Amino acid sequence: MKVLVIGAGGREHALAWKLARSPRVTLVLVAPGNGGTARGSTGPSARIVNLDITDIAQLADYAAAHDVGLTVVGPEAPLAAGVVDLFRSRGLRIFGPAQAAAQLESSKDFAKRFMKRHGIPTAEYETFTDAAAAHAYVERRGAPIVIKADGLAAGKGVVVAQTTAEAHAAIDAMLVDNRLGGAGARVVIEDFLAGEEASFIVMSDGQHVLALASSQDHKRLLDGDRGPNTGGMGAYSPAPIVTPTVHARVLREIILPTVHGMAADGIEYTGFLYAGLMIDAEGNPRTLEFNCRLGDPETQPILLRLKSDLLELLEHAIDGRLDQVEAEWDRRTALGVVIAAAGYPDAPRKGDPVTALPADSDDCVIFHAGTQLVDGQLVTSGGRVFTVTALGDSVRAAQRRAYEAVAQVRFAGQQYRTDIGHRAIGRRAVNKTAPPRG
Ligand code: AMP
Ligand code: GLY
């Protein structure tokens, strides 16, 4: 079967890499993909196709014309544009949420109203379009407090304000100065939640879910969780904070009520569902946000650990049979370190030649993101350039292996964190018993 992966990042390279290892997949097409797939590091049965991911009609035409048996969508933009609805209307098999369901990510106000209506644990909030009312609310609630643009804002839409002055400035930037355009024309203001974050991602067929392995991202640019927010500078799986008890509670209190609540509201949720969680000191999970897709870079370590055939899981999901399949995971930890370009996240520089890159091995794979093959030369073409992802018997071992490979990657201006996995390692040091696997 030919499969099509939509997207260009590290997440999509990992999806394509995993699908290329499926016995029944004859060809993986990645639109538009990146230099990794172009130069063959996805596998011999993968290639890139030059399509615009926002032109969903062109994507559907391509899938129909090239006998694509199944399409998987990586990023949120085509989902929010209705790519799943369009493919389905043309009888093309695709895994992802329909446009209405993708509102769980594309509108924070929609997600918050939904969670409130269905009793899904999340921070208290109110939504505003009027700046004066928003300012008054902040004065009533006090700081710390969190200001969120309603719409998709490419990771720039959330301000965790430590003081009311910061909160007022964020409100003015979004509602008065329109810094985020339409995405910030409405803001959600919610209570600050303390705790540790984790990413909990499942596949949903509309009724049943299959939980993927837990993971944890590192959103800040610099070591010690300092510096500006990014799309994610590294991730590992499993996340020890997601103990078996937390895992069971997340499924019972957040994931299943979400999938069943969407169905009850008449908006069946199919696709990957990503709950960004805050887990407090007592182990209570609350939802910070939903994404209607896999995480990037979480997908890279998750898929490196997946032993099952991804095509088979996707087919079960599309056919509504996720209750009849289980996913098998490598017991080891996988840890991915993002290497970003100079200037990331504000103004990433492009066009730096990649002068050294180690080969992939059984326990270490270099997933590409912002790379491009130009006349046979690999050059940087975006903010996050690689996710170097390795397996190890412990977080520390996976970390050591990943950083050995990171040290062999060379391009001008490269930046990466040196402490990916620090929370899991710190937790192990405090709590001597081995963390449960999830
Ligand atoms: P979001 O895009 O909603 O996940 O927010 C981006 C980041 O802001 C999260 O990963 C958290 O680190 C932080 N954040 C969001 N909402 C809250 C909250 N209610 N309390 C504390 N931190 C938050
Ligand atoms: N790594 C966070 C995200 O994909 O949204």
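Order of listing sets the numbers, starting from 1, for every ligand and every atom in it. Because the structure is predicted, anything quoted here is derived from the model rather than measured.
- Counting only N and O atoms by type, the side chains of R88 and T270 include a donor and acceptor under 3.5 Å apart.
- The only option from K116, M115, K108 that meets the side-chain contact (heavy atoms from CB on, under 4.5 Å) definition with Y125 turns out to be K116.
- Between the choices E105, M278, R220, E289, the shortest heavy-atom distance to atom 4 (O) of ligand 1 belongs to E289.
- No donor-acceptor pair closer than 3.5 Å links the side chain of D352 to the backbone N or O of F411.
- Remark: side-chain polar atoms of S308 are paired, donor with acceptor, to backbone N or O of E328 under 3.5 angstrom.
- Between H368 and H13, the angle of the ring planes goes over 60°, which puts this pair in the perpendicular group of the 30/60° scheme.
- Remark: ligand 1 atoms within the under-4.0 Å shell around heavy atoms of K148 are 3 (O), 15 (C), 16 (N).
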Pair L193-D280, side-chain contact (heavy atoms from CB on, under 4.5 Å): steps then yes or no: CA-CA 8 Å; L193 298 177; D280 72 13; over 6 Å; no

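- In terms of modelled atom types and a separation under 3.5 Å, the side chain of T389 and the main chain of P301 share no donor-acceptor contact.
- Below 4.0 Å from some heavy atom of K219 lie the following atoms of ligand 1, by number and element: 10 (O).
- Those atoms of ligand 1 that come under 4.0 Å of a heavy atom in V146, given as number and element, are 16 (N), 17 (C), 18 (C), 19 (N), 20 (N).
- Although no hydrogens or angles enter the test, the distance criterion places a donor-acceptor pair under 3.5 Å between the side chain of S214 and the main chain of A239.
- Looking only at protein heavy atoms, the nearest one to atom 13 (C) of ligand 1 is V160 CG2, 3.7 Å.
- With a 4.0 Å cut-off on non-hydrogen atoms, D191 touches ligand 1 through its backbone and not its side chain.
- Put simply, the side chain of Q415 gets close to the backbone of Y344: a donor and an acceptor are under 3.5 Å apart.
- At a heavy-atom cutoff of 4.0 Å, ligand 1 is contacted by both the backbone and the side chain of L288.
- Note: Y416 and Y403 have tilted aromatic rings, judged against thresholds of 30 and 60 degrees for the angle between ring planes.
- Looking only at distances, a side-chain donor or acceptor of T371 sits under 3.5 Å from a matching main-chain atom of G35.
- Atom 19 (N) of ligand 1 has its closest protein heavy atom at E190 OE2, 2.7 Å.
- When each atom of ligand 2 is checked for a heavy atom of N291 under 4.0 Å away, the hits are 5 (O).
- Ligand-side atoms of ligand 1 in range of K108: 1 (P), 2 (O), 3 (O), range being under 4.0 angstrom from any heavy atom.
- Less than 4.0 angstrom separates some heavy atom of D217 from each of these atoms of ligand 2: 1 (N), 2 (C).
- In this structure, of K219, Q216, R293, the residue bringing a heavy atom nearest to atom 3 (C) of ligand 2 is R293.
- In this structure, G231 has a heavy atom closer than 4.0 Å to ligand 2.
- When hydrogens are left out, the protein atom nearest atom 20 (N) of ligand 1 is L193 N, 2.8 Å; that is the closest non-hydrogen contact.
- Near F192, with a cut-off below 4.0 Å to any heavy atom, the atoms of ligand 1 are 20 (N), 21 (C).
- Under the 4.0 angstrom criterion for non-hydrogen atoms, G295 is in contact with ligand 2.
- Counting protein heavy atoms only, atom 5 (O) of ligand 1 is closest to V158 CG2, 3.5 Å.
- At a 4.0 Å heavy-atom cut-off, ligand 2 does not touch R11 at all.
- In terms of protein heavy atoms, atom 11 (C) of ligand 1 is closest to E197 OE2, 3.1 Å.
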